[in-house]
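As structure tokens, the structure follows; a few thoughts come after it.
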Amino acid sequence: MDTSSQPRSEAEFVALLALMVSIVALATDIMLPALGSIGHELGVADPNNTQLVVSALFLGFAAGQILAGPISDSVGRKPLVYVGLSVFIAGCLLSIFATNFSVMLAGRVMQGLGASAPRIITLAIVRDCYEGRAMARIMSMIMGVFIIVPAIAPSIGQGVIVLAGWRTTFGLLLVLSSAALFWFAFRQPETLPAPLRTPFRLSTIADGILEACSHRTVVGHTVTAGLIFGGFLGYLNSAQQIYQTTFNTGMLFPLYFGMAALAIGAAAFVNSMLVESLGMRLLTKRALLGISALSLAFVAPTVAFGGVPPIWLFMGWLLSTFFCVGILFGNLNALAMAPLGHIAGLGAAFVGSLTTFISLPLGWAIGRLFDGGVLPLVVGFAVLGASGLMIATWTQRNAD
């Protein structure tokens, strides 16, 4: 199905890869309005345990990345996308027919495993075709388009749930992932020609991981990304409870969630316009400083309101903080991947997997601390933002 002789515009390239990246966001966000219903129907006693529907997806996602990249370096980018999307579809089927919470979580892990391939191979494809600030520009454009998905996914999910129940959300995921599979198969050329492929050997993987770990810029920016994504995952875990329980937004939950997502998307587009003139390192430091300063400043009013500030005040903090997060997503990935162009698949796997494994316990801890207020989330972003700033400063010392 390789169509390398066909023309491919940059706009189509960005749109297609944005959809590939969006698979995991779709799988996360489209059923957020249904978490309460899922927990009730499948017999979950503790409401905080329904957050495992989100965490299980990212557990499979983290585990799958470390294999997808190295295998794609050996067999090419396209075959792994086919396999990954097929596993994702199988996981959707398992969740559709789940009769207990354990089966649901197994389906979610499978979805994460499957989604890891298109997500990580997208980074490798971009690194195959671009480098440096041009790579950061393309990644920012992809992330900017991608962020539209979480902005509208909860609204779509809520509509589907009202009309046909929460299981239909997984049916919609199945249809969308199948469409992505066919679009990718017929329109995206293979970016890793046979002469540049490397045999799949465990020793090669070990050597590649050791090489990645030897670069301060790879490890430092990956750890920083993991810290920030940990805060973001904590938000995803508890978003449904924050909006519908703490602030009692009811059916307006997708609107508030979408506003926060659009703040990240707006930042990604701004970053794509600024990064070639200002550079990734400067923008990264400013964004990390913004997250830590905004969150630290918001702790006092949050405590003063007993953990539940007015929703307009909370949204002001959240939108400002998420704008900084949007600046970071593309830049941190590009900075971490910069020295790994010759092992782009393995490099993308290492960066993506380590980022997710770091973020999982952090996001889970923030979510589990939900007690009806937003103080755990605010403090989490303050601590993780400050920690990320210190690590990024150390990482970038003498880098120029």
Side-chain angles (χ1 to χ4, degrees), residues 1-10 12-21 23 64-87 114-142 180-181 183-215 217-219 221-222 280 330 332-355:
M1 294 185 182
D2 190 356
T3 58
S4 57
S5 61
Q6 295 181 358
R8 183 199 59 203
S9 68
E10 183 176 278
E12 182 181 2
F13 179 74
V14 169
L16 172 57
L17 295 193
L19 176 58
M20 305 298 289
V21 172
I23 295 296
Q65 290 178 82
I66 200 64
L67 292 176
I71 294 175
S72 77
D73 282 340
S74 178
V75 303
R77 310 303 185 202
K78 298 188 71 172
L80 260 294
V81 173
Y82 301 153
V83 172
L85 288 175
S86 298
V87 171
S116 67
R119 172 64 174 84
I120 209 65
I121 290 170
T122 292
L123 291 178
I125 288 173
V126 174
R127 186 61 187 85
D128 288 340
C129 302
Y130 299 91
E131 61 183 15
R133 295 184 180 183
M135 178 183 172
R137 180 179 64 86
I138 293 295
M139 282 304 304
S140 291
M141 291 172 64
I142 289 172
L181 176 59
W183 186 9
F184 182 84
F186 286 102
R187 290 296 298 163
Q188 174 58 44
E190 176 62 62
T191 59
L192 186 66
L196 297 181
R197 297 174 191 173
T198 57
F200 181 80
R201 299 190 184 96
L202 292 178
S203 60
T204 302
I205 296 175
D207 290 343
I209 291 174
L210 287 174
E211 180 184 347
C213 289
S214 71
H215 291 285
T217 188
V218 174
V219 175
H221 289 115
T222 300
M280 294 177 280
L332 287 173
N333 273 299
L335 285 165
M337 285 290 293
L340 305 177
H342 59 295
I343 50 169
L346 177 57
F350 175 83
V351 170
S353 185
L354 182 57
T355 295

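For the numbers below, each heavy atom of this structure counts, side chains included, while hydrogens, waters and symmetry mates do not. Residues take their numbers from the sequence shown, with the count starting at 1.
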Q: Ignoring hydrogens and angles, tell me if any N or O in the side chain of Gln188 forms a donor-acceptor pair with the backbone of Trp183 under 3.5 Å.
A: no
Q: For the pair Lys78 (side chain) and Pro189 (backbone), establish whether a donor and an acceptor sit closer than 3.5 Å, ignoring hydrogens and angles.
A: no
Q.
Restricting to non-hydrogen atoms, name the atom on Ala115 and the atom on Ile23 that form the minimum distance, rounded to 0.1 Å.
A. CB-CG2, 4.0 Å
Q: Working to the nearest 0.5 Å, report the span between CD1 of Ile121 and CG of Leu80.
A: 4.0 Å
(Q) For the CZ atom of Phe184 and the CG atom of Leu19, what is their distance to the nearest 0.5 Å? (A) 11.0 Å
Q: With rounding to the nearest 0.5 Å, note down the distance linking CG in Leu67 to OG in Ser72.
A: 11.0 Å
Q) Say you draw a straight line from NE2 of His221 to CG of Asn333; how long is it, rounded to the nearest 0.5 Å? A) 11.0 Å
Q: Work out which heavy atom in Pro339 is nearest to a heavy atom in Val218; give both atom names and the distance.
A: CG-CG2, 3.7 Å
Q.
Does atom CG (Leu202) have a neighbourhood of more than 12 heavy atoms from anything else shown, all under 6.0 Å?
A. no
Q | Considering all heavy atoms, the nearest Val219-Ala212 contact | A | CG2-O, 3.8 Å
(Q) Looking at every heavy atom in both Ala180 and Leu85, which two are closest together, and how far apart are they? (A) C-CD1, 4.3 Å
**Q.** Sidechain-backbone polar pair: Arg197 side chain, Val75 backbone, donor-acceptor under 3.5 Å
**A.** yes
Q: Determine the minimum heavy-atom distance between Ala117 and Ala68, stating which atoms define it.
A: CA-CB, 3.9 Å
(Q) Ile125 and side-chain contact (heavy atoms from CB on, under 4.5 Å): which single residue from Val81, Thr191, Leu16 fits? (A) Thr191
Q | Gln65 vs Thr355, side-chain contact (heavy atoms from CB on, under 4.5 Å): CA-CA, chis, key distance, verdict | A | CA-CA 10 Å; Gln65 290 178 82; Thr355 295; over 6 Å; no
Q: Work out which heavy atom in Thr222 is nearest to a heavy atom in Ala336; give both atom names and the distance.
A: OG1-CB, 3.6 Å
Q: Output all residues satisfying side-chain hydrogen bond (donor to acceptor under 3.5 Å, both in side chains) with Ser74, sequence neighbours left out; order by chain, then residue number.
A: none
Q) Once you round to the nearest 0.5 Å, how far does CG of Leu335 lie from CE of Met280? A) 4.5 Å
